*Asks:* 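So that we are looking at the same thing, I have put the structure below in structure tokens.
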Amino acid sequence: QVQLLESGGGTVQPGGSLRLSCAVSGGTLSDYPMAWFRQAAGMEREFVAGVTRGGSSTSADSVKGRFTVSKDNAKNTVFLQMNKLKPEDTAVYSCAARGQSSATNAVYTRTASYEYWGQGTQVTVAS
């Protein structure tokens, strides 16, 4: 019943910025740990950043200091602010919600930890 819809992807130059949004419907955002994953061509899907039900956030080492995840519970929307983008950031970015039980401030980084997924949005960083 939970549905996720990503938006905000596009093509940017190296060093540029982009903000992705994930709109949650069919559920209440504050009930779910949320995360952003990405999958580059020929690569496995990897964890990018996540935010707990309580609002704590974390990010992968590859994007730490450049990407920031946040959420607005009132708007049922999760964001991923991406700064200082690099060509290696090029990938399909997907939003995920954990439907399984969770602790208030637990962070989940594995794909199997999430039940609901959006279809993804393409981010391309030109060389």
Side-chain angles (χ1 to χ4, degrees):
Q1 189 170 14
V2 173
Q3 297 179 0
L4 309 176
L5 179 61
E6 303 96 336
S7 62
T11 301
V12 298
Q13 295 182 342
S17 297
L18 206 60
R19 189 174 85 156
L20 306 183
S21 297
C22 173
V24 179
S25 61
T28 302
L29 176 57
S30 60
D31 289 343
Y32 307 99
M34 303 291 296
W36 290 95
F37 290 80
R38 69 184 182 186
Q39 186 170 22
M43 304 292 288
E44 295 292 323
R45 179 156 33 186
E46 65 174 346
F47 173 82
V48 176
V51 59
T52 70
R53 292 194 287 112
S56 299
S57 62
T58 190
S59 60
D61 288 343
S62 59
V63 305
K64 197 176 296 289
R66 300 187 298 121
F67 291 11
T68 302
V69 62
S70 62
K71 65 175 180 177
D72 187 335
N73 286 334
K75 297 183 182 298
N76 260 16
T77 303
V78 180
F79 305 97
L80 182 66
Q81 179 66 48
M82 304 184 293
N83 299 323
K84 300 179 180 179
L85 283 161
K86 305 175 180 179
E88 51 262 45
D89 294 320
T90 296
V92 174
Y93 285 72
S94 299
C95 180
R98 177 177 169 85
Q100 303 92 325
S101 62
S102 61
T104 301
N105 289 310
V107 176
Y108 304 88
T109 62
R110 296 184 293 275
T111 59
S113 296
Y114 293 89
E115 181 178 2
Y116 306 107
W117 293 82
Q119 292 188 354
T121 185
Q122 176 71 45
V123 172
T124 301
V125 184
S127 60

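Just so you know, these numbers come straight off a predicted model, no measurement behind them.
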*Asks:* Please check if atom NZ in Lys64 has more than 12 non-hydrogen atoms from other residues, nucleotides or ligands closer than 6.0 Å.
*Replies:*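 Yes, because the 6.0 Å sphere around NZ of Lys64 holds more than 12 heavy atoms from other groups.
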
*Asks:* How does the hydrophobic cluster around Leu85 look, that is, which other residues are in it when side-chain heavy atoms under 4.5 Å mark a link?
*Replies:*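 Members besides Leu85, by chain and number: Val2, Leu4, Val12, Leu18, Leu20, Val24, Leu29, Tyr32, Met34, Trp36, Val48, Val51, Val63, Phe67, Val69, Val78, Leu80, Met82, Tyr93, Tyr116, Val123, Val125.
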
*Asks:* For the backbone of Gly120 and the side chain of Glu6, can you confirm whether one donor and one acceptor N or O come within less than 3.5 Å of each other?
*Replies:*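 The answer is yes, because a donor-acceptor pair under 3.5 Å joins these two groups.
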
*Asks:* How close do Lys84 and Ser17 get, counting heavy atoms only, and between which atoms?
*Replies:*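 That would be N-OG, 4.3 Å.
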
*Asks:* Does Arg98 reach the main-chain N or O of Ser113 with its side chain, forming a donor-acceptor pair under 3.5 Å?
*Replies:*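 Side chain of Arg98 to backbone of Ser113: a pair is present.
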
*Asks:* Please work out which of the three classes, parallel, tilted or perpendicular, describes the rings of Tyr114 and Tyr108, given edges at 30° and 60°.
*Replies:*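 Rings of Tyr108 and Tyr114: perpendicular, over 60°.
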
*Asks:* Answer whether the closest heavy-atom distance between the side chains of Pro14 and Pro87 falls below 4.5 Å.
*Replies:*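 Yes, at least one pair of side-chain atoms sits under 4.5 Å.
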
*Asks:* Counting only heavy atoms not in Glu88 (residues, nucleotides, ligands), do more than 12 fall under 6.0 Å from its CD?
*Replies:*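 Yes - once you tally the heavy atoms of other residues, nucleotides and ligands closer than 6.0 Å, there are more than 12.
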
*Asks:* Quick one: does any side-chain atom of Lys71 pair with a main-chain N or O of Thr52 as donor and acceptor, under 3.5 Å?
*Replies:*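 Confirmed, Lys71 side chain pairs with Thr52 backbone.
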
*Asks:* Going from NZ on Lys86 to OG on Ser127, what distance comes out if it is rounded to the nearest 0.5 angstrom?
*Replies:*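 Reported value, rounded in 0.5 Å steps: 15.5 Å.
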
*Asks:* For a 4.5 angstrom cut-off between non-hydrogen side-chain atoms, does Arg53 reach Pro33?
*Replies:*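 SC-SC contact between Arg53 and Pro33 confirmed.
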
*Asks:* Can you tell if the side chain of Gln122 reaches within under 4.5 Å of the side chain of Thr90, non-hydrogen atoms only?
*Replies:*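 They are in side-chain contact.
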
*Asks:* When rounded to the nearest 0.5 angstrom, what distance separates CZ in Phe37 from SG in Cys95?
*Replies:*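 Separation between the atoms: 10.0 Å.
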
*Asks:* Roughly how far, to the nearest 0.5 Å, is the OG atom of Ser62 from the CD atom of Glu46?
*Replies:*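 Separation between the atoms: 5.0 Å.
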
*Asks:* Please tell me if the side chains of Ser21 and Lys75 come closer than 4.5 Å, counting only heavy atoms from C-beta onward.
*Replies:*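 Side-chain contact under 4.5 Å: no.
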
*Asks:* Are the side chain of Asn76 and the backbone N or O of Gly27 linked by a donor-acceptor pair below 3.5 Å?
*Replies:*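 Yes.
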
